[in-house]
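Atom set for the values below is all heavy atoms of this structure, side chains included, hydrogens, waters and symmetry mates excluded. Please read all numbers here as calculations on a predicted model, not as lab measurements. Chain naming here is simple, since letters A, B, ... match the order of the sequence lines and numbering starts at 1 in each.
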Amino acid sequence: MASFDFKTIEKKWQDIWQEQALGHVNNENNKKPKYYALVEFPYPSGDGLHVGHMRAFCGLEVLTRMKRLQGFDVLFPIGWDAFGLPTENFALKTKQHPRVVTDQNIANFLRQIKSAGFLFDYGRQVDTTQADYYKWTQWIFVQMFEKGLAYKSNTTVNFCESCKVVLANEDCQGGKCDRCGSITVQKEKQVWFLKIRNYAEKLLQGLEQLDCNSRIKQEQINWIGKSEGLQLDFSVLGNKFAVYTTRPDTIFGVTFCVLAPEHPLVQTLKQYASNIKEIEEYIKQCKLKTEFERISGTQVKTGVVLQGIKAVNLITNQQVPIVVADYVMMSYGTGAIMGVPAHDKRDWDFAKAYNLECVQVVDGDGVDLSQAAFDDIENGIIINSNFLNGMTVENAKKAVIDFAVSNNIGFAKVDYKLKDWAFNRQRYWGEPIPIVECPKCGHVALPIQQLPLKLPYIDDIIPPEDGQSPLAKLHEWVNTTCPKCGGKAKRETDTMPQWAGSSWYFLRYMSPNCDKSLVDSQAYDKWGQVDWYNGGMEHVTRHLIYSRFYNLFLHEIGVVKYAEPYAKRTAQGLILGEDGEKMSKSRGNVVSPDSIIAQYGADVLRLFVMFIGDYEKPAPWSSSSIVGCVRFVSRVYALKDKLGSGSISINATIAGVTQDIENLKYNTAISKLMTLVNEAYQSGITKIQYCDLLKLLYPFAPHITEELWQICGCDGQLSNTEWPQPNHGESISNMIDIPVQINGKVRGRVSVEIGSTQTQVRAKVMASTLSSQLTSIKKEIFVIDKIINFIV
RNA sequence: GCCCGAGUGGCGAAAUGGCAGACGCACAGGACUUAAAAUCCUGAGGAGGCAACUCCGUGCCGGUUCGAGUCCGGCCUCGGGCACCA
């Protein structure tokens, strides 16, 4: 299809770049300014890369190709996030060892990435499954353990019965397993947690430093879920229980209290209730429900009143009924709430269903208790509330908190939805947790001399039915000695979640072979923060939060200088299948880069994934539109025989393309180059201009531009030249066409000198044919170099 | 329910409040060719007119402005995130 042999050309330049180690950067050179560009390292699955990966990588590939020509010392690394369930499941299915599968997949990914001509620093590849890498993943865990940030606790956790693993909150959003999609259940288990919650506020504050779009910021803010309110005691039968509320101003509207079915106090209180059987039956029913049913069920509220028992509102001294209802979760707040049906939709639903009283305490415009009782009237005035009457909501909140504090029955509390990170998986293909359990000393971390704790190479990796890790079957490995007392002890047999290795990999790239520490301090001094991190939107509430948490911790213990790991974060849009649906094997709409490269070449693929649409928005693949890029490359190639004199200007293109690449506007950068080429066919192009064109196109289509640079007999190699500056060797036109409007509508245009005054432009207009329409001018609007508008 | 995005030709899409539809696909016409493909050139939002030109047009309804795809208010639709979070 193309007029040249792109296969030979692309192979030739890829070999040259590899031989020259063009993507290689060293830590010693400090003459040039540094630039650290990072793409999310891929999970090397058996399916290979799809064109979506290409788009994800290509954005920063284009940027870094430009940055190198601009004189930056560019770090642009790649690696492999290779532990995890998909590989393990694939290995089980095909009866291979995950190590073998992983190595095959990495080799295949590497082949694909190189065939696209990506200029990564291949000498810095990291692989999270290699012992010299996970040594430091384990080391970080040990540091957290020593600082009390890793703890084992017997709690209710999300569990996927199909994958046989405990899942973090982040891994089962919406009550479904992130890996297999089956509905998760709640199970009692011994689970390791990381206290990421301790960092909730820092994770929130750190977002202010992060340069990213509002969506990326907002999703993290929502996930952290900060709320400010009051934790307040109620009393019942000589006991106290605390509720958490963000609306203390509505305290006089409390008509009942709700305890979660799992609330420990329920076990005590039910003894005193006249309907103990009914309560026990209700709790039993709740346990049968899955988290999924509880959250997304019918939204019909169920519950049971503790008959004969009243709670005392310690602020109002009113007595209110207590109910047990599963619309209150044990896992948030205190597991107990005060019910204010007049000002909370859920309480309203429940009160209506159970005929509970409803008292309005905030007066607002148009409040209709029978219909919109649950509307929050944040700007209303407090009524029916004794000492709060007449206050604004804000003042009443403060007054109630003050009252609670001075009477020692409550305190202002900040709460977060973010939960501690459930950190172990009962599967083989992950980092072993470097902890032994000693009957005398309890949990003991392995000292650094014993790291890495290597993952035993075993053939039987089938997860046992008892919910244990396959490692539990290795008695020789499990039975060990306590590093502290030397007595008999057992190893922890669970492994870490896939997110562990990816939480700090950006640091390892700086000094991938350092065996003294996880990152060499001189290397860190050079590279510091990641300047620009691009990845998927789907990782914003997980990997991004996790890795920021890790970095905050490493900052705290003095390993890294910056609290925040990334200065700037962007997210590419998905490439959808040609049918407009998300690409997936089951839909059969996956496009492989291999076939596109074979048919059109890497340059065309790169151009097309950059041209397909707004980089941050999803775009459907189109097998017909790609020929536009094929033609474009061919036209650039054919132009080499048409060099001579020309009247085009390339200055605007140089400035525009440079700006567009820095602003994620790859599609318009390419369209500007296309426009320039079209003009060159019309008006001719000089060799100097053509060489600038090659430079501007080089980040997108490096192979063919290198070739053309050579064909044209230019000095050296294109990849070693400098990025073009506007105005060099070219006279700039000082004329500009500005539109002439009459009554706000464009009626013509005049050519004027840049910077012409209103008088000068008016004179031009009056000298044109438009003057006949301008007999009675009432008003004139003039914007320099932009427009002149006459109101007649 | 709450929080973000987004709605522009047949399609993918462009437009610091200043020529709407750049660029590309598909389409039509022409050149080249014995012919086709490829390539090159031209055309093209809709309606009307031989034409110069006129009117209408960026999801809907209002508003601000000399001027609105863009800003403001109110809706509708689609996509994404969170979610009995108290």
S.K.: With a 3.5 angstrom cut-off on both distances, give the Watson-Crick or G-U wobble partner of B/C2, or none if there isn't one.
M.R.: B/G81

S.K.: Ignoring backbone atoms, establish whether A/Arg631 has a side-chain N or O less than 4.0 Å from OP1 or OP2 of B/U39.
M.R.: yes

S.K.: For B/G9, does the O4'-C1'-N9-C4 (purine) or O4'-C1'-N1-C2 (pyrimidine) torsion place it in syn, i.e. within 90° of 0, or in anti?
M.R.: syn

S.K.: Between B/C50 and B/C23, how far is it from one C1' atom to the other, in whole Å?
M.R.: 33 Å

S.K.: Should A/Asp5 and A/Lys7 count as an ion pair when the cut-off is N to O under 4.0 Å?
M.R.: no

S.K.: Counting only side-chain nitrogens and oxygens, does A/Arg542 get under 4.0 Å of the OP1 or OP2 atom of B/G81?
M.R.: no

S.K.: Distance between the C1' atoms of B/G12 and B/C2, in whole angstroms?
M.R.: 33 Å

S.K.: Does A/Pro321 reach the side chain of A/Leu356, with side-chain heavy atoms less than 4.5 Å apart?
M.R.: yes

S.K.: Check whether any side-chain N or O of A/Gln360 sits under 3.5 Å from a backbone N or O of A/Val362 as a donor-acceptor pair, and report yes or no.
M.R.: yes

S.K.: Using the benzene-type ring in the case of Trp, are the ring centres of A/Tyr600 and A/Phe608 under 6.0 Å apart?
M.R.: no

S.K.: A/Ser622 near the nucleic acid: base, sugar-phosphate alone, or nothing, with a heavy-atom cut-off under 4.0 Å?
M.R.: nothing

S.K.: Considering Watson-Crick and G-U wobble pairs with both distances under 3.5 Å, what does B/A86 pair with?
M.R.: none

S.K.: Tell me: CG of A/Asn222 to P of B/C4, nearest whole Å?
M.R.: 9 Å

S.K.: In whole angstrom, what separates A/Leu576's CG from B/G79's P?
M.R.: 12 Å

S.K.: Expressed in angstrom and rounded to an integer, what is the separation of A/Asp641 atom CG from B/U39 atom C1'?
M.R.: 14 Å

S.K.: Please state whether the phosphate of B/A86, meaning OP1 or OP2, lies under 4.0 angstrom from any side-chain nitrogen or oxygen of A/Tyr244.
M.R.: no

S.K.: Without decimals, in angstroms, what is the distance between A/Arg215 CZ and B/C4 P?
M.R.: 13 Å

S.K.: For nucleotides B/C78 and B/G73, find the distance between their P atoms and express it as a whole number of Å.
M.R.: 23 Å

S.K.: Tell me which pairs pass salt bridge (charged side-chain N to carboxylate O under 4.0 Å, His left out) where either residue lies in residues 409-418 of chain A, with sequence neighbours left out.
M.R.: A/Arg197-A/Asp415

S.K.: What's the gap between B/C71 and B/A52 when it is taken at their C1' atoms, as a whole Å value?
M.R.: 37 Å

S.K.: What nucleotide, of B/C4, B/C55, B/G24, holds the atom closest to the side chain of A/Asn678?
M.R.: B/G24

S.K.: Output the rounded distance in Å from NZ (A/Lys582) to P (B/G80).
M.R.: 9 Å

S.K.: Quick one: what's the B/S/- string for nucleotides 11-18 of chain B, heavy-atom cutoff under 4.0 Å, read 5' to 3'?
M.R.: -BSSSB-B

S.K.: Can you find a donor-acceptor pair, distance only, under 3.5 Å between A/Lys779 side chain and B/C66 base?
M.R.: no

S.K.: Pick the closest RNA chain B nucleotide for A/Trp223 and for A/Lys417 by heavy atoms, then say which residue is nearer the 5' end.
M.R.: A/Trp223

S.K.: For B/U42 and B/C61, measure between their P atoms and round to the nearest Å.
M.R.: 39 Å

S.K.: So do A/Gln760 and A/Val752 actually touch side chain to side chain, heavy atoms under 4.5 Å?
M.R.: no

S.K.: Could you pick out which residue, A/Gln218 or A/Thr334, lies toward the 5' side of RNA chain B when each is mapped onto its nearest nucleotide?
M.R.: A/Gln218

S.K.: Under the ring-ring contact (aromatic ring centres under 6.0 Å, His included) criterion, do A/Phe256 and A/Phe350 qualify, and how do the steps go?
M.R.: CA-CA 10 Å; A/Phe256 58 97; A/Phe350 187 75; 5.7 Å; yes

S.K.: Between B/A14 and B/G30, how far apart are the C1' atoms? Round to whole Å, please.
M.R.: 29 Å

S.K.: May I ask you to decide if the ring planes of A/Phe4 and A/Phe6 are parallel, tilted or perpendicular, using 30° and 60° as cut-offs?
M.R.: perpendicular

S.K.: What's the CD-P distance between A/Glu581 and B/C78, to the nearest Å?
M.R.: 15 Å

S.K.: Using a 4.0 Å heavy-atom cut-off, does A/Gln682 contact any base of the nucleic acid, only the sugar-phosphate backbone, or nothing at all?
M.R.: sugar-phosphate

S.K.: Over how many whole Å does the gap from A/Tyr600 atom OH to B/G24 atom P extend?
M.R.: 17 Å

S.K.: Which nucleotide sits closest to the side chain of A/Val746: B/C19, B/G81, B/C25?
M.R.: B/C19

S.K.: For B/A28, what is the paired nucleotide under Watson-Crick or G-U wobble rules, both distances under 3.5 Å?
M.R.: B/U42

S.K.: Could you tell me how far B/C3 sits from B/G74 if I compare only their P atoms? Round to whole Å.
M.R.: 12 Å

S.K.: Can you measure A/Ile670 atom CD1 to B/C25 atom C1' for me and round it to whole angstrom units?
M.R.: 15 Å

S.K.: Determine the Euclidean distance between corresponding P atoms of B/C32 and B/G45; express it in Å to zero decimal places.
M.R.: 28 Å

S.K.: Taking the side chain as everything from C-beta on, heavy atoms only, tell me whether A/Val236 gets closer than 4.5 Å to A/Ile322.
M.R.: yes

S.K.: Looking at B/C71, which nucleotide sits across from it as a Watson-Crick or G-U wobble partner, both distances under 3.5 angstrom, or is there none?
M.R.: B/G63

S.K.: So do the side chains of A/Ile612 and A/Trp621 get within less than 4.5 Å of each other, counting heavy atoms only?
M.R.: yes

